[in-house]
Every structure is written in structure tokens, then in C-alpha cells.
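To start, the structure under review is shown below, and the notes come after it.
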Amino acid sequence: MRSEIEPLLPDAGAKMRQPKSSHAISIVRAVPAVAIVAFVALGAGAWTCLSTQLWVATDSGLYIKLAASLAEAFDLDHELHQFRLPGYPLLLALIFRLFGHSSPTAIMVIQQAMVAATIVLTALTAWTLWPRRAFVLVAGLLCALSPYLRGYAGTVLTEVPYAFVLSACVYFLVRHHRFGGRSSLAMASFAAGLCLLTKGIGQVMVVLCVCVAAHRAWCFNRQSGLTSARSLRRCTAAAALAVLPPMLLALPVMFNNYRTTGHFRMTCQGSQVLFYRAVKVERLHSPHSEALAKLRAALKQAKADGLLSPTVELREHYVINFAYRSVHGTSWFEAADVMNEAAMDLILDNKALILSHGVRHAYRSFIIPDPYYRVGLGVPQDELFDLEAARAQMSSLVGRETLDKYLPSPAQGPPASHFWSGWMRGHRRVVERGPSLTGVLDHPYEEFMWFCLLGGVASLAMPNRVTWLIPAMVIFLHIFISANLGGTIPRYAIPVHPFIFLFGAFACTGVVRACVTGFTFAAGLLARRLKLSWQGSILAGATDCRIQD
């Protein structure tokens, strides 16, 4: 069945597009496997909703505060719009408006539904890459039973919504590269625009959509024998279709920031995260940086004015931004620009260290399981950092009235939270030990991730290897860029876990197929030997009879 796994362009050198009806029939054949995956995903999601309360992290308060301002008066002038992208706060604001006191349950249910949709999209992506039901089942079940996706589905963070739109973007992008069609490209680029509104790293998906669209158009045009000028025009049209939907989604955000601050940008989060990497993670110093001197002076003045505690250090990037804005009366963008300049001074003075540590951070982000955002700071390791444990902290940031209105205390605790507590304790020990480059394969999670990595390498031997490179590039770019901006932050790898599991499923099915093939070959060889031995015995007996006669 080689024709099932050969793509049209550019790997197999096909001259014509595959009929859409053929692709539709192929999708219908995948329905039983996808249905099983969806059933397991929904069941695991329902159990998770019944076994936990809503979890929060340090960043959750910023999303809740911005969402509450949008739900109350659709406040587009809030200063947090300069720092946080509006995609996730808009979703929370809609939940607050529709569900009110029931918002904690609604957040968990909606995000668990997003996980289920992510799992189904991953299964469809698996079928598009390699139409084998066993492959679809293994890939989907690995995602469906992942405690990491389940844990973040019950947390007020962007990881699960971003994983959903990212999976949609990758599915339609893979489908477009294999089968063509403007509708698939338009859906992929629209999903890339949603990625851009949810997390800053979503810019990568816009660039990837443009590259894939232009590459496929160029290969198709070259195989069709078009002239260079016409081929260039078609490539430009494909790239324009890929970039137009994200641009239309991003422009309102940029215009709103320009209206309120005079800066035509979506967010300043990247600059502040880079400062966090250089100052807090790497603990770099530079006596020659003028920008760093400005930040030190602003921090000192804010302490003198009583705006900050005397114990606050320069390494607290949120506090430094607040100090500079308070002393100089600037916007988030201007304060973040100074922080970005200081970070670049530190990085350029320590280029070799930043490069070597960047590789290490990327490796650790890929390898380490992440229970940190499930366990509260300063609480025992067997206590989950749920909304009740963080209510005092959330009240000081968000406001008691807002919490009572949208996120009230639950009537009773979860009936099965001991599972998650035990899971946290086990993974906490793994993180405290931590993997190392010299101790490869020192715990099961790391062994599994390396197994998935080997599956990704093996997938490049497939006839449609260029299409397989799309999810591989998504994994690499997200982990590498996030690690080099913020250091070792394993939760930033959560949105690409479905694609990591996809390569793991490829490795699993490949090993099973190899074992079955080897067993079949050995059994056949043994059967042939036994048959020859049996035939030889009969011939020998017949010869003996003739000699005796």
C-alpha cells in the first residue's frame, strides 16, 4: 500500500494533485480509530474534572485581573494589555460573563474539552502523515492519558488553549502540504493568528505557514513546468494567503496599543522575559551597561519613595518594570525597552556562556517533567496549589470582590485528589534530582522522551519526510526559542507534547512492526527447515526400503 503513504509534493515527485474525494475516503477509514481516541479523551477529561479543584500559578493572577476588567466594562485601556496578549483573557472574560459563580467549573470543563479537541487533531495529523490505524490509536492514546495535558487543563494558564490552536494549525498545515488546497492553508493561517494572540511564541507559526505555503507552491509550479515569473507570482500569492489572516487578527491589538501608548506593537513580554533570563536565571553583571544603571537608579528611587520594600532586588523583573514606570512615568513598552537593552548588554558581554547555557536549558525543558506549577511555594509537597491555597495571594492582586464574584470557594473538596497529590510527589523527586547530559536515561520519563526523539529521527526515512518535518520544526523552534528567552521552563514545552507523543507513537509502531516482521521471518525460516527435514526423512526412509528390497 505504498500509494497510501506517498505524499503528492514534493517528496514522491507526483505530477498531479490527489483528488479530494480520495482524501475524504481516506479520512472516513480513520473514523473508528479516531472515535476510540475521542472516547478515551472525553472519559479522562470527565474524571479529571471530578478529581481536582481549579489550580493557579503566579501568572494566573494577571490573566484573571485582565479578564475581570474585560468582563466588567470591556476595558481596552488597562495597562496589562501592554504586557499580556488578549487571546486567553478574552476567553476567561467570556466565561466570567456567561457562568458567573460557576466559572471555576466552566474553566475546567472548557479547557478539558480543548484537550479532547487537541487529542483528536493529533490523531488526524497522525493519519495524514501515515494512514495506519495502529499509529493513530497509539498517538491518540498517549495524548489522551497524558497527566501533563490533564493537569494544565485544570490550571488558569495559556498552555492548553495554546496547545489547541497550535494543534489545529499543524493539522491543517500538514494537510495542505500533502494534499494542497487553499482552504487548508487558510485554516492553518487563521489558527496561526490565534496562536499569535495567545502566546508570543505564536509568531513562529506565522513564519512557518508562510515558508510551507511558498515551498509547496514552488515545488508544484516547478513540476508543472510553469515559467519562473508565473511560478514566483503563485508563490507570492500562497505566502500572502498564509500571512493575511494573522495580520488581520493582530492589527486591532497593535492599533489599540498605539492608541493608548503610542507604540505600534502587540506586547512587550518578550523583552521582559529576556531580562529575566539574563539577570535572574544566569545572574549576569555588567558595570558598563547604561541601561542597567538606569534600572538600578529607578529601583533605588522607588525604595526611597516607599513604593517598594527595601529588600527587593534587581532580579525581580516584574518589580523592576513597576519601579521604572513609577519613577519615570512611562508605559510598559518604554520600561521593557530599557530592560531589553540591559539584557542585550549582558548577553553580548557573555555570548559563550549564553550559547552553552541555552543548549542546556533547551535540553532540560525537553526532558524534565513539570510539576512545579501544581505545587505551591512554601507549602508541603503533598499539597496542591489550588485556588483556595492561593486565595490570599490572588485577593491582593485581583481583589476580593472579583474573586467572590467569579471564582468563589467550592462547597466541598475534590473526591479523588489523592491521585494528583501522589503524582506531584513522585515528579517532585524527579525534578529535584534532575537529568544531566552526563547521566542520560537516568529516569523513565527521560528514557521515553529520548525514545520519542529517536522516533522523530526515524520518521525522516519516510517517503513524505518533508511533511514529517513540520511537527518536528514546531517542537524544535518552540523549545529552543522559549529556553533561550526564559531559561529552563518545562511548562513552555507542554503545548508541543502532542507532537512529541506523535513521534513516540511512530517509534512504538515501528518497533512492533519490526518485531512482528522478525518473528514472521523466523517462523517462516523455521517452518521451511522443518519441512525440508521432514521431506529428507521421508526420502531417506524410502531409499532404505529400496536398498533392503
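- Contact of the F164 side chain with the L121 side chain is registered, since non-hydrogen atoms from C-beta on lie closer than 4.5 Å.
- Salt-bridge check for K405 with E72: passed, with a basic side-chain N closer than 4.0 Å to an acidic carboxylate O.
- Atom CZ of R265 has more than 12 heavy atoms from other residues, nucleotides or ligands within 6.0 Å.
- For residues 503-520, the set of pairs meeting the salt bridge (charged side-chain N to carboxylate O under 4.0 Å, His left out) definition, not counting sequence neighbours, is empty.
- A donor-acceptor pair under 3.5 Å is formed between the side chain of T267 and the backbone N or O of F83.
- Looking at heavy atoms from C-beta onward, M114 lies in side-chain contact with P161 at the 4.5 angstrom threshold.
- In terms of modelled atom types and a separation under 3.5 Å, the side chain of N464 and the main chain of R178 share no donor-acceptor contact.
- For Q111 (side chain) and T155 (main-chain N/O), a donor-acceptor pair under 3.5 Å exists by modelled atom type.
- Using a 4.5 Å cut-off on side-chain heavy atoms (C-beta onward), I494 and Y162 make no contact.
- Using the six-membered ring where Trp is involved, Y406 and F96 have ring planes that are parallel, under 30° apart on the 30 and 60° scheme.
- Side-chain contact annotation: H361 with T488, donor-acceptor N/O pair under 3.5 Å present.
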Taking distance alone, no hydrogens or angles, what donor-acceptor pairs closer than 3.5 Å link side-chain atoms of residues 207-214 to residues at least two apart or in another chain?
none

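- No donor-acceptor distance shorter than 3.5 angstrom exists from the side chain of R175 to the backbone of A188, with no hydrogens or angles considered.
- Screening V165, L185, L249 for a side-chain contact (heavy atoms from CB on, under 4.5 Å) involving F190 leaves a single residue, L249.
- Distance alone, capped at 3.5 Å, is enough to place a donor-acceptor pair between the N484 side chain and the F480 backbone.
- The backbone N or O of W47 lies less than 3.5 Å from a partner atom in the side chain of S51, making a donor-acceptor pair.
- Annotation: cation-pi geometry not satisfied between R491 and Y152 (NZ/CZ under 6.0 angstrom from ring centroid, within 45° of ring axis).
- Judged by distance alone, the side chain of S189 and the main-chain N or O of A186 form a donor-acceptor pair under 3.5 Å.
- Residue pairs meeting the salt bridge (charged side-chain N to carboxylate O under 4.0 Å, His left out) criterion with at least one partner in residues 104-115, sequence neighbours excluded, are absent.
- Remark: aromatic rings of H176 and F172 are distant, center separation not under 6.0 Å.
- N257 contributes a side-chain N or O that, together with a main-chain N or O of M266, makes up a donor-acceptor pair within less than 3.5 Å.
- Taken from CZ in R84 to NZ in K199, the straight-line distance is 8.0 Å, to the nearest 0.5 Å.
- In terms of modelled atom types and a separation under 3.5 Å, the side chain of D59 and the main chain of L157 share no donor-acceptor contact.
- Inter-residue side-chain proximity for W130 and T509 is flagged as met; some heavy-atom pair is nearer than 4.5 Å.
- Residues I201 and S482 meet the side-chain proximity criterion, which asks for heavy atoms closer than 4.5 Å.
- You'll find the ring centres of H478 and F499 outside the 6.0 Å limit.
- In terms of modelled atom types and a separation under 3.5 Å, the side chain of S459 and the main chain of G456 share a donor-acceptor contact.
- Annotation: side chain of L66 is in contact with side chain of S69 (closest heavy-atom distance under 4.5 Å).
- Few gaps surround OH on Y63; more than 12 heavy atoms of other groups in view lie less than 6.0 Å from it.
- Between L196 and M205 the shortest side-chain heavy-atom distance does not fall below 4.5 Å.
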